[in-house]
Amino acid sequence: MAFDLESLSEATSGALGALLSTTILYPLDTCKTKYQAEVSSHHQQKYRRISDVLWEAISNNQVLSLYQGLGTKNLQSFISQFVYFYGYSFFKRLYLEKSGSRTIGTKANLIIAAAAGACTVIITQPLDTASSRMQTSAFGKSKGLWKTLSEGTWKEAFDGLGISLLLTSNPSIQYTVFDQLKLRLLKGKVRNKTGTESSPEALSAFSAFVLGAVSKCIATSLTYPAIRCKVMLQAAESDEDGKTNKDGKTKEAQPRKTVSGAIYSIWKKEGLLGFFKGLEAQILKTVLSSALLLMIKEKITKTTWVTMLALRRYLIVNRTRLKGA
C-alpha cells in the first residue's frame, strides 16, 4: 500500500485531540506560564501562587486576556501533534515490518518517539517561542504572531531549541508508558480480523484518560527543571525594562537570555526548590491536557479511519471510471 492510511489516521486524530484539549485548558496554561516565567526573591515575588495570576486578570478586567496567544498555540499544537503522531506511527509501523515482530520493545519505542519528537520540535519551535511570549506579556498587551516574531531575529525565534530537543524525552516517556500500559490492557482481547484493513483497536474513554494521566505525570516530574528553564528563555521582556525607576535612572534592558543564565538566576534567587516552582500547576495542566488529548484521539481514531478509508475507495473508483471513459 503506497499510501500509509493508518499513520495519517493516527496523525489526524492526534492533531484534532490536541486542538480541543489546548483550547479547553488554555486559561490554566496562561496562568501557569506567567507564574513559571517570574524569577525573583521570595519577598519580591509578584505571584506567590498561581491563583494570583488569575486574580490579577480578574481585578484588571482582563479575563479575556487569559486567552492571549490562543490562535498561535492552537496552530502550534495542531502542527506538532500531527507531525509527531504521523512520524511516531510511521516509524513504529516501519520497525515492525522490518523486524518481523508483532510488538515493539521499550528501548525501540523510546528511540522512535524521540526521533519523531525531534522532527516536531525543529518544525514548530518558532510558533512555540511566539506563543510563550504572548502568554507572558502583560495582560491586554499581547501582540500578533507576525509582530511577535518580527521584533527579534530568526535566531531568537529558536530560543530554547536545545532544551526543547532535550525535552523530547518527555513525550517519549509519556507515549512509551501509555503504549505499554495500553498493550497490557488490550492483550486479553481477541481481535477478529476479516481483512488487512481492519479498524485499529481502541481503549474506552475512561481507560485512555487514566493511562494518559499516569504516563504524563511520570514524564513531567522527571523533566520539570528543563521545562522551567525553557519558559524563562522564551518569556516576553518585562515592561519595566527601559523605563525610569524612582531614582530617575533608566533601567537597562536585559541581555540575551541563555540556558546557563537561567539556571544561575534560579539558583541565586530561589535556591534548589526554585527549579521545581510551579510543578503542581505544570502537572495539573499537562496531565489534564494529555489525558484529554489521548481520550479524544482514541474515540475519534476509528471514525477517522473509516472516513479516510471511504475517501480512498471513492478516489480509486473515480480513477477507474476516468480510465475506462
Side-chain angles (χ1 to χ4, degrees), residues 18 20-74 76-77 128-143 160 167 170 209-210 212-214 216-241 257 262 265-293 295:
L20 291 172
S21 64
T22 297
T23 302
I24 293 170
L25 298 173
Y26 195 74
L28 173 60
D29 189 36
T30 299
C31 291
K32 171 198 69 71
T33 303
K34 288 180 76 69
Y35 181 65
Q36 288 174 322
E38 184 190 35
V39 182
S40 58
S41 302
H42 183 71
H43 62 281
Q44 296 177 334
Q45 288 180 346
K46 182 180 180 182
Y47 306 123
R48 294 185 181 275
R49 294 174 296 275
I50 191 173
S51 58
D52 292 341
V53 183
L54 176 62
W55 289 120
E56 181 190 17
I58 294 174
S59 61
N60 293 329
N61 296 320
Q62 295 286 348
V63 176
L64 292 180
S65 292
L66 291 171
Y67 289 91
Q68 59 190 25
L70 175 60
T72 300
K73 193 71 171 182
N74 271 336
Q76 185 244 336
S77 295
D128 186 35
T129 300
S131 64
S132 292
R133 288 177 183 171
M134 291 178 185
Q135 285 183 309
T136 53
S137 297
F139 285 128
K141 296 184 180 181
S142 177
K143 301 167 186 174
L167 287 173
N170 190 300
F209 186 91
V210 172
V214 171
K216 192 60 179 181
C217 186
I218 293 172
T220 300
S221 298
L222 292 174
T223 59
Y224 186 74
I227 292 173
R228 174 110 201 266
C229 288
K230 183 170 90 73
V231 171
M232 289 177 58
L233 290 176
Q234 296 178 331
E237 295 294 339
S238 172
D239 288 341
E240 300 299 321
D241 295 332
K257 300 172 184 176
S265 181
I266 294 174
W267 177 263
K268 182 180 179 181
K269 296 179 179 179
E270 299 178 350
L272 181 61
L273 292 179
F275 290 100
F276 294 92
K277 176 186 174 183
L279 175 60
E280 301 88 346
Q282 182 75 30
I283 289 178
L284 177 62
K285 184 266 172 181
T286 53
V287 166
L288 288 176
S289 176
S290 296
L292 282 171
L293 185 157
M295 180 181 70

Partner residues of [X] under the side-chain contact (heavy atoms from CB on, under 4.5 Å) criterion, sequence neighbours left out:
X	value
Glu280	none
Thr22	Tyr26, Lys73, Asn74, Ser77
Ile50	Leu28, Cys31, Lys32, Tyr35, Ala281
Leu272	Trp267, Phe275

Could you state the interatomic distance from [atom1] ([X]) to [atom2] ([Y]), rounded to the nearest 0.5 Å?
X	Y	atom1	atom2	answer
Leu279	Ser221	CG	OG	5.5 Å
Leu284	Thr220	CG	OG1	11.0 Å
Leu25	Lys285	CG	NZ	7.0 Å
Lys230	Thr33	NZ	OG1	9.0 Å
Ile24	Asp29	CD1	CG	13.0 Å

Heavy-atom closest pair, residues [X] and [Y]:
X	Y	answer
Leu292	Ser21	CB-CB, 3.9 Å
Ala37	Met232	O-CG, 4.3 Å
Ser131	Gln76	OG-OE1, 4.3 Å
Ser265	Val39	OG-CG1, 3.4 Å
Thr30	Leu66	OG1-O, 2.7 Å
Gly278	Gln36	O-NE2, 4.4 Å

*Does NZ or CZ of Lys34 come closer than 6.0 Å to the centre of the six-membered ring of Phe139, within 45° of the ring's axis?*
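Yes, Lys34 lies over the aromatic ring of Phe139.
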*Side-chain touch Lys46/Asp52, heavy atoms, less than 4.5 angstrom*: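 No, every pair of side-chain atoms sits at 4.5 Å or beyond.
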*Compare all side-chain heavy atoms of Lys277 with those of Arg228 and state whether any distance is below 4.5 angstrom.*
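In short, these two side chains touch, coming nearer than 4.5 Å.
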*Without hydrogens or angle criteria, can the side chains of Ser132 and Gln234 be said to hold a donor-acceptor pair below 3.5 Å?*
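Short answer, yes.
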*For residues Gln135 and Gln68, is any side-chain donor paired with an opposing acceptor at under 3.5 Å?*
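Their side chains do not contain a donor-acceptor pair, so the 3.5 Å distance test is not met.
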_Going by side-chain hydrogen bond (donor to acceptor under 3.5 Å, both in side chains), name the residues that satisfy it together with Lys143, two or more places apart in sequence or in a different chain._
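side-chain hydrogen bond (donor to acceptor under 3.5 Å, both in side chains) check on Lys143 returns Glu151.
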*Could you pull out all residues at least two apart from Glu38 that satisfy side-chain hydrogen bond (donor to acceptor under 3.5 Å, both in side chains)?*
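Testing Glu38 for side-chain hydrogen bond (donor to acceptor under 3.5 Å, both in side chains), a comparison that skips the adjacent residues, returns none.
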